[in-house]
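One structure is given here, and the rest of the page talks about it.
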Amino acid sequence: MRIATWNVNSIRSRVDRVTAFLERHDVDVLAIQETKCREDQFPALELSSMGYEYVHVGLNQWNGVALLSRVGLDDVTTSFADQPTFGDPPVLEPRAVGATCGGVRVWSLYVPNGRDLEHEHYAYKLEWLARLRADAEGWLAADPDAQIALTGDWNIAPQDDDVWDMAVFEGKTHVSEPERAAFRAMVDTGFSDVVRPYAPGPGTYTYWDYQQLAFPKKRGLRIDFVLASPALAARVDGAFIDREERKGKGASDHAPVVVDLA
DNA sequence: ATGGTGGGCCACCCA
């Protein structure tokens with residue numbers, strides 16, 4: 001079974017790339033982030049005609065997450081417990097969707113960006129990660145053998161090697177100690193990064209800014225991850241970042257991350 | 001190629 005995660009930066013503008021990616025890599029389950037559309041705007045026909053079931057949560061042009069699966073899509077959850085809200089009035093943003101696909105509990109997660117260290121969005125990000133971790137700890141406590149994949153755009157570069165130049169990120173989000181501590185806490189809870197062993201750094205990234213020719217200049221960040229519970233991690237027998245997908249006209253600024261299960 | 005972001009959508013926000 002093959003699972004992938006991809007921040008597509010608008011599913012409507014990227015649907016042809018998504019269908020081509022699914023075919024090219026024979027993907028069974030795809031977690032999508034930043035669909036940037038309402039549920040009624042989701043390109044359902046293109047994807048379902050390929051044999052994928054789907055669930056999408058989207059309120060407007062912001063955020064939006066989805067799961068596509070051709071190995072079943074059961075027990076759908078469109079948020080996690082105590083998922084924080086943002087804004088005034090408070091909105092439960094569409095940033096998390098979970099479903100059981102072929103015996104694996106897969107989550108598509110779009111962690112808040114944080115914007116700046118002083119911004120309320122940054123406090124929101126840390127709270128969001130803390131509540132996710134607490135909920136995920138409960139899932140493992142309830143069933144230590146559960147196969148759980150926490151996939152998505154984490155908007156955290158856990159290690160210095162995960163950014164092209166640490167000096168550029170001094171005082172910025174994505175590399176701050178509280179964010180890295182939140183990521184480590186997920187790992188300490190039992191969810192390990194199953195891609196890094198197959199795609200080691202330095203210089204291995206999943207995101208490159210559209211600006212300043214960042215991609216050809218190899219100026220990227222590793223911020224998209226698949227974190228697996230112990231039982232799932234034991235099944236992983238391969239993983240890669242599809243850097244080719246960042247090339248050419250009409251690319252997302254993120255590359256897909258793919259994990260193979262025995 | 002001597003440039004230099006792109007997606008939402010229509011006045012800017014977000015990444």
Side-chain angles (χ1 to χ4, degrees), chain A residues 5-21 31-44 46-47 56-66 84-96 108-129 151-158 162-165 168-176 179 182-183 205-225 241 243-257:
Chain A
T5 182
W6 191 8
N7 179 324
V8 298
N9 186 22
S10 167
I11 186 64
R12 286 176 293 171
S13 68
R14 220 74 68 201
V15 63
D16 290 347
R17 275 192 179 252
V18 170
T19 54
F21 166 76
I32 300 174
Q33 299 86 41
E34 279 212 90
T35 58
K36 287 186 159 179
C37 67
R38 298 187 307 268
E39 281 156 38
D40 63 285
Q41 297 172 311
F42 191 76
E46 290 92 326
L47 300 165
H56 170 241
V57 285
L59 296 176
N60 49 38
Q61 70 268 49
W62 308 124
N63 314 302
V65 286
T85 60
F86 185 73
D88 184 19
V91 174
L92 182 63
E93 297 180 318
R95 292 181 177 274
S108 179
L109 304 167
Y110 180 42
V111 176
N113 174 283
R115 301 183 188 171
D116 298 294
L117 299 185
E118 299 75 25
H119 200 285
E120 61 182 352
H121 209 257
Y122 179 73
Y124 170 52
K125 179 180 196 173
L126 295 179
E127 182 66 13
W128 202 94
L129 288 161
T151 87
D153 177 359
W154 290 77
N155 271 317
I156 301 170
D162 296 333
V163 300
W164 60 276
D165 182 357
V168 171
F169 290 87
E170 179 73 30
K172 300 268 178 50
T173 62
H174 293 61
V175 302
S176 75
E179 289 163 277
F183 191 89
Y205 309 125
T206 65
Y207 163 87
W208 300 260
D209 199 298
Y210 285 123
Q211 300 181 56
Q212 306 298 124
L213 301 173
F215 182 66
K217 291 182 177 177
K218 306 186 188 308
R219 297 176 173 177
L221 293 80
R222 189 200 293 250
I223 56 175
D224 300 88
F225 297 95
I241 298 162
R243 191 177 171 282
E244 294 300 305
E245 191 48 64
R246 182 62 180 81
K247 296 180 179 177
K249 185 175 168 61
S252 169
D253 43 2
H254 293 253
V257 177

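Source: prediction; values computed, not measured. Below, chain A is the first sequence line, B the second, and so on; all start at residue 1.
- Pairs of Watson-Crick or G-U wobble type, with distances under 3.5 Å, assemble into runs of 3 or more in DNA chain B at these ranges: B:5-8 with B:12-15.
- Summary of the strand contacts: A:R38 and A:Q212 both lie near DNA chain B, and taking for each the nucleotide with the nearest heavy atom, the more 5' one is attributed to A:Q212.
- Partners of A:S10 under the side-chain contact (heavy atoms from CB on, under 4.5 Å) rule, at least two apart in sequence or in another chain, are A:R12, A:S13, A:K36.
- The CG atom of A:L213 lies 14.5 Å from the CH2 atom of A:W208; values are rounded to the nearest 0.5 Å.
- Scored by the salt bridge (Lys or Arg N to Asp or Glu O under 4.0 Å) test, A:R38 finds A:D40 as partners (sequence neighbours excluded).
- Spacing of C1' atoms, B:dT2 relative to B:dG7, comes out at 28 Å, to the nearest Å.
- Going from atom OG of A:S176 over to atom CZ of A:F169 covers 12.5 Å, rounded to the nearest 0.5 Å.
- Among residues two or more places apart in sequence or in another chain, the salt bridge (Lys or Arg N to Asp or Glu O under 4.0 Å) test is passed with A:E244 by A:K247.
- When each of A:K36 and A:W62 is assigned the nucleotide of DNA chain B bearing its nearest heavy atom, the one mapping closer to the 5' terminus is A:K36.
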Show every donor-acceptor pair shorter than 3.5 Å between a side-chain atom in residues 216-224 of chain A and any protein atom, with sequence neighbours excluded, or say none if there are none.
unit_1: A:R222; atom_1: NE; unit_2: A:D162; atom_2: OD1; d: 3.3
unit_1: A:R222; atom_1: NH1; unit_2: A:A199; atom_2: O; d: 3.2
unit_1: A:R222; atom_1: NH2; unit_2: A:A199; atom_2: O; d: 2.7
unit_1: A:D224; atom_1: OD1; unit_2: A:T206; atom_2: OG1; d: 2.6
unit_1: A:D224; atom_1: OD1; unit_2: A:H254; atom_2: ND1; d: 2.9
unit_1: A:D224; atom_1: OD2; unit_2: A:H254; atom_2: ND1; d: 3.3

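- Of all nucleotides in DNA chain B, those with any atom nearer than 4.0 Å to a heavy atom of chain A start and finish, going 5' to 3', at B:dG4 to B:dA15.
- Qualifying side-chain contact (heavy atoms from CB on, under 4.5 Å) partners for A:E120, counting only residues two or more places apart in sequence or in other chains: A:F86.
- Across all their heavy atoms, A:S108 and A:Q33 have their closest contact at OG-NE2, 3.0 Å.
- A:F215 comes within 4.0 angstrom of nothing in the nucleic acid, heavy atoms only.
- Under the 6.0 Å cut-off for aromatic ring centres, A:Y124 and A:H121 qualify, their centroids lying closer than that.
- A heavy-atom distance below 4.0 Å to DNA chain B is reached by none of the residues of residues 244-251 of chain A.
- For A:Y110, the side chain to side chain donor-acceptor pair (under 3.5 Å) criterion is met by A:E34, not counting sequence neighbours.
- Ring pair A:F215/A:Y210: centre-to-centre distance not below 6.0 Å.
- By the salt bridge (Lys or Arg N to Asp or Glu O under 4.0 Å) test, A:E245 pairs with A:R17, A:R24, sequence neighbours left out.
- When the P atom is compared between B:dC9 and B:dC14, the two are found 15 Å apart, to the nearest whole Å.
- Residues passing the salt bridge (Lys or Arg N to Asp or Glu O under 4.0 Å) test with A:E179 are A:K125, sequence neighbours excluded.
- Proximity of residues 9-17 of chain A to DNA chain B (heavy atom under 4.0 angstrom from any strand atom) is restricted to A:N9, A:S10, A:R12, A:S13, A:R14.
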